[in-house]
2 protein chains.
Amino acid sequence: MKVLYIYAHPEPKSFNGALKDTALAALQEKGYEVKLSDLYAMKFDPILKSSDFPERKKPDVFNPFLEALNASKTEAFAPDIKEEMGKVKWADLLIFQFPIYFTFMPAIMKGWIDRVLVPGFGFNPVTNSAYNTGLFKGKSAMLVTTTGAPKEMYSEGGAHGDLNKHLESITHCIFEYMGMEVLPSYVIYGASSMSREKGAEELEKYRKRLLEI
Amino acid sequence: MKVLYIYAHPEPKSFNGALKDTALAALQEKGYEVKLSDLYAMKFDPILKSSDFPERKKPDVFNPFLEALNASKTEAFAPDIKEEMGKVKWADLLIFQFPIYFTFMPAIMKGWIDRVLVPGFGFNPVTNSAYNTGLFKGKSAMLVTTTGAPKEMYSEGGAHGDLNKHLESITHCIFEYMGMEVLPSYVIYGASSMSREKGAEELEKYRKRLLEI
């Protein structure tokens with residue numbers, strides 16, 4: 001299996017950094033091929049903009065939707081987008097690992113989605129039933145994330161509500177929309193107040209989870 | 001009333017650009033004071049990073065949560081963050097206008113939230129009941145957004161599900177969390193396939209909505 005690991009955390013020495021290292025080691029132990037997109041390390045530019053499309057169809061007014069559709073026919077995207085698209089095409093499984101910032105992914109990862117998984121690449125926007133015609137059929141996707149807040153806060157009836165419900169705007173409206181199978185999200189709650197021992201336990205649990213994939 | 005209008009679209013000549021111009025005119029007609037954060041025009045940097053905190057408490061390992069809490073005591077934030085914080089403090093009402101990109105806001109606006117509405121500024125993270133102790137009590141917030149997809153797709157039972165449910169990760173988990181009153185989101189569906197006449201009608205409807213605020 002070929003795995004693209006998309007990772008966003010600004011500090012390599014963080015718990016998220018350790019999770020990512022654990023994951024890469026486990027996937028390699030499993031014999032999988034792995035490519036990494038470490039968005040902070042790559043200084044990935046998250047801003048969707050006109051220069052993403054070097055061969056503009058309408059140079060006077062920038063319409064991201066139309067330009068993406070047009071560029072998808074000829075692959076006329078900016079080099080950093082093409083590189084990420086190449087990794088996505090190659091992969092059977094996409095894993096997105098990030099810390100929850102305000103009940104969602106950090107901006108740098110949202111920008112990766114905005115710029116890479118564009119209309120014409122991940123889904124066919126000509127039809128509104130893209131759930132049935134998603135262009136990533138056969139691929140799978142999984143979210144791996146940490147929260148500062150404890151699990152109760154992110155559970156049904158808790159102050160924020162069920163985190164998995166909130167994440168449906170990603171797992172359902174992006175991954176399933178594009179035809180991907182969604183693996184259960186892997187969430188580590190209360191990461192900001194974990195002891196060193198608890199952290200080590202969580203790394204080992206995550207390693208075992210990935211060995212089962 | 002003092003209004004901060006936070007706006008994200010890459011093309012001034014777009015329908016979103018016209019909505020923003022309509023809004024600014026209507027709010028001024030109403031006699032409100034308005035400040036604008038036009039994130040694309042400002043080339044706002046959406047990436048949360050260590051240099052956001054010029055007086056690092058822990059220079060060896062970057063922990064965004066701890067650094068934000070610490071910086072909030074002395075206002076030791078990067079200049080672009082301080083400027084935005086000043087506008088937020090000044091405002092009674094925050095309006096966020098953006099096109100829906102993948103059932104959420106564009107990365108550049110998510111980054112504004114990640115970097116500006118940090119722990120210690122918008123909410124008190126020492127307590128988990130921040131919903132009752134949010135630091136923006138007395139302020140209100142409103143989302144204004146356009147979708148390419150038609151309303152059916154973003155309704156309950158539709159392919160994506162109810163857009164307002166998805167937006168709760170913003171309206172509930174960010175705005176209400178920080179103590180703000182949430183005004184009903186203003187959504188214009190199917191914006192990508194609107195006629196010129198329909199577009200003009202929508203601008204007039206939006207103008208009237210803002211005159212009622």
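What you see is a predicted model; the values in this text were computed from it and never measured. We name chains A, B, ... by the order of the sequence lines, and we start the count at 1 in each one.
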S.K.: More than 12 non-hydrogen atoms from neighbouring residues, nucleotides or ligands closer than 6.0 Å to NZ on A:K151, yes or no?
M.R.: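 It does not: A:K151 NZ has 12 such atoms or fewer within range.
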S.K.: Determine whether a donor-acceptor pair (N or O, by modelled atom type, separation under 3.5 Å) exists between the side chain of B:H166 and the backbone of A:L167.
M.R.: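 Checked: no pair found.
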S.K.: For B:M105, is it the side chain, the backbone, both or neither that has a heavy atom under 4.5 Å from a heavy atom of chain A?
M.R.: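 For B:M105, backbone heavy atoms alone lie under 4.5 Å from chain A.
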S.K.: Against chain A, label B:H172 side chain, backbone, both or neither, depending on which of its atoms sit under 4.5 Å from a heavy atom there.
M.R.: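 For B:H172, the side chain is the part near chain A, not the backbone.
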S.K.: Rounded to the nearest 0.5 Å, what's the gap from CD on A:E168 to NZ on B:K165? Could you check?
M.R.: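 Rounded to the nearest 0.5 Å, the CD-NZ separation comes out at 11.0 Å.
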S.K.: So for A:F44, is it side chain, backbone, both, or neither that comes closer than 4.5 Å to the heavy atoms of chain B?
M.R.: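 Backbone only.
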S.K.: Are B:H160 and A:Y131 linked by a side-chain donor-acceptor pair shorter than 3.5 Å?
M.R.: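 There is such a pair between these side chains.
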S.K.: Any heavy-atom pair between the side chains of B:F104 and A:C173 that's under 4.5 Å?
M.R.: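 Heavy-atom side-chain distance check fails, nothing below 4.5 Å.
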S.K.: Please determine whether the number of non-hydrogen atoms from other residues, nucleotides or ligands lying under 6.0 Å from atom CD of B:E83 exceeds 12.
M.R.: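 Open.
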S.K.: For the side chain of A:K110 and the backbone of B:I108, is there at least one donor-acceptor N/O pair under 3.5 Å apart?
M.R.: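 No, A:K110 side chain to B:I108 backbone: no donor-acceptor pair under 3.5 Å.
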S.K.: Please rank A:D114, A:I174, A:T103 by heavy-atom pairs under 4.5 Å with chain B and give me the top one.
M.R.: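 Heavy-atom pair counts peak at A:D114.
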S.K.: So do A:P10 and B:S50 actually touch side chain to side chain, heavy atoms under 4.5 Å?
M.R.: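 Sidechains of A:P10 and B:S50: no contact.
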S.K.: Any chance you could measure B:F102, atom CZ, to A:I170, atom CD1, to the nearest 0.5 Å?
M.R.: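 The distance works out to 12.0 Å.
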S.K.: With chain A, which of B:P46, B:G111, B:A8 has the greatest number of heavy-atom pairs at distances under 4.5 Å?
M.R.: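 Answer, by heavy-atom pair count under 4.5 Å with chain A: B:P46.
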S.K.: Given side chain to side chain contact (heavy atoms under 4.5 Å, CB included), test A:E11 with B:V61 step by step and report yes or no.
M.R.: CA-CA 7 Å; A:E11 175 55 68; B:V61 179; 3.7 Å; yes
S.K.: Among residues 12-26 of chain A, which residues come closer than 4.5 Å to chain B, judged by heavy atom distances?
M.R.: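 Within residues 12-26 of chain A, the residues that come under 4.5 Å of chain B (heavy atoms only) are A:K13.
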S.K.: If I compare all heavy atoms of A:L48 with all of B:Y40, which pair ends up nearest, and what's the gap?
M.R.: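 Closest heavy-atom pair between A:L48 and B:Y40: O-OH, 2.5 Å.
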S.K.: Which residues, numbered in order, of residues 192-203 of chain A come under 4.5 angstrom of chain B by heavy-atom distance?
M.R.: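 No residue falls under the 4.5 Å cut-off.
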